[in-house]
Number of protein chains: 2
Amino acid sequence: MKLATIGSIILFHRKQAGLSQKELSDLAEIGKTAVFDLEKGKSNFRIETLLKICSILNIKLEFQSPLMEYWRKNES
Amino acid sequence: MKLATIGSIILFHRKQAGLSQKELSDLAEIGKTAVFDLEKGKSNFRIETLLKICSILNIKLEFQSPLMEYWRKNES
DNA sequence: GTAATATTGCTGGTTTGGCGGTAATTTATT
DNA sequence: AATAAATTACCGCCAAACCAGCAATATTAC
């Protein structure tokens, strides 16, 4: 998974949602620059920025590995 | 998905791999502080930091949404 | 027990992501 | 065509992620 790939996925979902970059950034409560940079795969970015956007676009993040089935969350 | 959850997953996989925080940070070519903070869910962190760690621990990141099956990568 | 290793914590400095503002360019609408 | 909206781009500034180094504690090994 590369940064550019993530940006491409976000772009696709935003378009499908019929949102402009500004609208998405407002909904996600982040700056417009973050959406722009992210979609362009331009720079590194923070996890929270990605999570906020994914939350708005109804995208879930999954971690996959042979060990995940043995991982049980203690609380919360 | 919360930051603390991600840290918990990383911690679990690192232990299973039999790596110390320092060993993991060296392999991932990041500072030990990043691994420490991440596992503690202490701070926000960068995507690249997470990707580097996941790469070493053989964890894959998956994006899930109803639209993902319609998303096709143009190139690369 | 002691010694070695690992983890946690703190500190100061560097790097960089994110921000709003502005402006140019592209696209859509009328 | 002209106008409006959206996208792309660049600019300082600030906050925070990241770093190495060191120290203290916790854990493990001998």
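Just so we're on the same page: letters track the sequence lines, and every chain starts at 1. As the structure is a prediction and not an experimental result, all values here were calculated from the model.
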Separation of atom CZ in A:Phe36 from atom P in D:dT7, rounded to whole Å: 11 Å
Test item: B:Phe45 and B:Val35 side chains (from C-beta on) under 4.5 Å apart, heavy atoms: no
Residue-level proximity of residues 19-29 of chain B to DNA chain D when a heavy atom falls under 4.0 Å: none
Salt-bridge present (B:Arg14, B:Glu39; N to O < 4.0 Å): yes
Which residue lies more 5' along DNA chain C, comparing B:Lys42 with B:Lys15 via nearest heavy atoms: B:Lys15
Presence of B:Thr49 side-chain N/O under 4.0 Å of D:dC18 phosphate oxygens OP1/OP2: yes
Path from B:Leu11 to B:Leu27 over hydrophobic side-chain contacts below 4.5 Å: no
Touch class at under 4.0 angstrom, heavy-atom based, for B:Lys40 against every strand present: sugar-phosphate
Distance test, side-chain N/O of A:Arg14 to OP1/OP2 of D:dA6, below 4.0 Å: no
Nearest-angstrom distance from the residue atom CD of A:Glu39 to P of D:dA6: 14 Å
Interatomic distance where CD1 belongs to A:Ile30 and C1' belongs to D:dA15 [whole Å]: 16 Å
Protein-nucleotides 24-30 of chain C N/O pairs under 3.5 Å:
none

Presence of B:Arg46 side-chain N/O under 4.0 Å of C:dG18 phosphate oxygens OP1/OP2: no
Interatomic distance where CZ belongs to B:Phe45 and P belongs to C:dT16 [whole Å]: 19 Å
Any B:Leu50 side-chain heavy atom under 4.5 Å of B:Cys54 side chain: yes
Salt bridge (Lys or Arg N to Asp or Glu O under 4.0 Å) pairs, two or more places apart, involving residues 51-71 of chain B: none
Nearest-Å distance for atom pair CG/P, residues B:Leu38 and D:dA16: 18 Å
Min side-chain heavy-atom separation B:Thr33-B:Ser25 under 4.5 Å: no
Nucleotide C:dG18, atom P - distance to CG of A:Leu3 in whole Å: 11 Å
Short side-chain donor-acceptor distance under 3.5 Å, A:Ser65 and A:Trp71: no
Evaluation steps, side chain to side chain contact (heavy atoms under 4.5 Å, CB included), between A:Leu3 and A:Leu38: CA-CA 8 Å; A:Leu3 298 186; A:Leu38 201 157; over 6 Å; no
Separation of C:dG17 P from B:Glu48 CD (nearest whole Å): 8 Å
Residue whose closest nucleotide on DNA chain D lies nearer the 5' end, B:Lys32 versus B:Leu50: B:Leu50
